[in-house]
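For clarity, every value in this text was computed on a predicted model and none was experimentally measured.
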Amino acid sequence: MTDMDQSTEESGVKEFMNHIECREEIVEMIRQLRHTLHACPEISGEEVKTKATLQAFLKEHTTLELYPCGAGFYAAHREEGATEGIAFRADYDALALADGGAAHLCGHDGHAASLCAVALMLEGQQVGKNVFLLFQPAEETGAGAYPCTEIFKKKQIDEIYGIHNLPGYPFGQVLTRKGTFACGSEGMILGFHGKPTHAAYPENGISPATAVGKLLEAILDFQKFVHGEMVLCTVIGVQMGEKAFGAAASDAEVWLTLRAERSRDLEQLREQILQMAETLAKEYHLTLESAEQDVFPATENDDSCVEKVLAKCNGQVLEEPMRWSEDFGHYLKCCRGAFFGIGAGEECPALHTEHYEYPDELLSREAAAFVQLLTTP
């Protein structure tokens, strides 16, 4: 880029920033949109009304092109002659409740509404690059991001960014870190199968009880740090036999959540647990079945993109990775980028609790953080 080209681009971005700062009507439109989304929560994979609401809003208020992507979609802001592409992602699924319902207890309604605010801000503006706003379903189960990585095959995208609100941190403060922002995790289901028998003749059957007991005891050794980084195996539940006092237990399931700061450590932990289960099954003449569920890769940020977030958004360094998981890590395997948090207030109720709701006042702060990343390096 020549000095003249860079000067022209910087001037365009400055005009863009001045323009959006004067558009207070955007705040009310986005607040109303969030409340509409909040009132129709839908669990991962079933976000029909939510997706339709977002698309209808963008079609009504912008001229951005909408395209399908995985089970979600993206809105494209294109500029003639632009060769650089940047993507921003927001999720829009709600949290599944124990009673079979759903509720926006993680703030995805706010994330989606904030990304729509970015769309409104981009309307009719020149920022010197193509911008792709990616709206993704099914983050809570980890199933939404990977199919949406097809966007990188369709479009020239040089960087991708995502954001999540963080209760307990100062309101509006952007936080990120180099390396892992959020840990990788996955659910593991181990099924042990023996031989049924009458409870009066246990010697004629094969029980999984001893193998399961030894496995649960050994799991304590996997709650540790490897090279200073966390590796954790948590017992979620165990189911063995039935309340039928005339029949000895012959089948058992163990439910585990594996968690690690690095994807490589998560893979090693998976192999270690599985090998242990296979050894115990063989020792006690059991058959073993295993399955994975809710798989999230570690969200490992690109250093240069983290530096950009810290510089452009007046960010602070997050000292330790978040222990929770985020499927944004799938994007970071395909493209350089960064995931960051924005404080929802120190008194804001915690995510996934009954009193949590995304603060309306945070909508413009979240949108502004994305917009700041459109400025030149």
| message | Do Thr50 and Glu42 pair up side chain to side chain, a donor and an acceptor below 3.5 Å, judged on atom types alone? | response | yes
| said: I'd like to know if Met230 and Phe296 are part of one continuous hydrophobic network [Ile/Leu/Val/Met/Phe/Trp/Tyr, side-chain heavy atoms within less than 4.5 Å]. | reply: no
| When clusters are formed by joining ILVMFWY residues with side-chain heavy atoms under 4.5 Å apart, either directly or through shared neighbours, do Ile342 and Leu318 land in the same one? | no
| Ionic contact status for Arg89 with Glu326, cut-off 4.0 Å | yes
| Within the side chain of Glu300, is there an N or O that forms a donor-acceptor pair under 3.5 Å with the backbone of Lys333? | no
| Considering the options Asp302, Ile160, Asn301, Ile157, which one meets the side chain to side chain contact (heavy atoms under 4.5 Å, CB included) requirement together with Arg336? | Asp302
| message | For Tyr356 together with His352, are the ring centres under 6.0 Å from each other? | response | no
| task | Specify the closest pair of heavy atoms between Glu140 and Cys106, including all atoms of both residues, with the distance to one decimal. | result | OE2-CB, 3.4 Å
| So if you build clusters from Ile, Leu, Val, Met, Phe, Trp, Tyr with side-chain heavy-atom gaps below 4.5 Å, do Leu280 and Val212 land together? | yes
| note | Shortest non-hydrogen pair, Glu79 vs Asn130, comes out as N-OD1, 2.8 Å
| request: Could you walk me through whether Tyr169 and Gln316 pass the side chain to side chain donor-acceptor pair (under 3.5 Å) test, one step at a time? | output: CA-CA 11 Å; Tyr169 290 85; Gln316 291 186 358; over 6 Å; no
| Who passes ring pair (Phe, Tyr, Trp, His ring centres under 6.0 Å) against His164, sequence neighbours left out? | His108, His111, Trp324
| field | Carboxylate-amine/guanidinium contact Glu307 Lys178, below 4.0 Å | value | yes
| field | side chain to side chain contact (heavy atoms under 4.5 Å, CB included) partner of His77, chosen from Leu374, Leu64, Leu133 | value | Leu64
| remark: For Thr197 and Pro202 the tightest heavy-atom approach is CG2-CA, 3.9 Å
| query | What are the two closest heavy atoms between Cys148 and Gly72, and how far apart are they? | reply | SG-N, 4.3 Å
| query | Only one of Asp360, Leu363, Leu115 clears side chain to side chain contact (heavy atoms under 4.5 Å, CB included) with Ile30; which? | reply | Leu363
| said: Ring of Tyr67, cation from Lys155 - is the NZ or CZ under 6.0 Å from the centre and inside 45° of the axis? | reply: yes
| task | Determine the minimum heavy-atom distance between His193 and Glu289, stating which atoms define it. | result | NE2-OE1, 3.3 Å
| Can you hop from Leu120 to Leu37 via hydrophobic side chains spaced under 4.5 Å? | yes
| Do you know which two heavy atoms are closest between Cys69 and Tyr74, and how far apart they sit? | CB-CD2, 3.7 Å
| task | If the plane angle is over 60° it's perpendicular, under 30° parallel, otherwise tilted; pick one for Phe57 and His61. | result | tilted
| query | Between Phe340 and Tyr161, how do the two ring planes meet: parallel, tilted or perpendicular, split at 30° and 60°? | reply | perpendicular
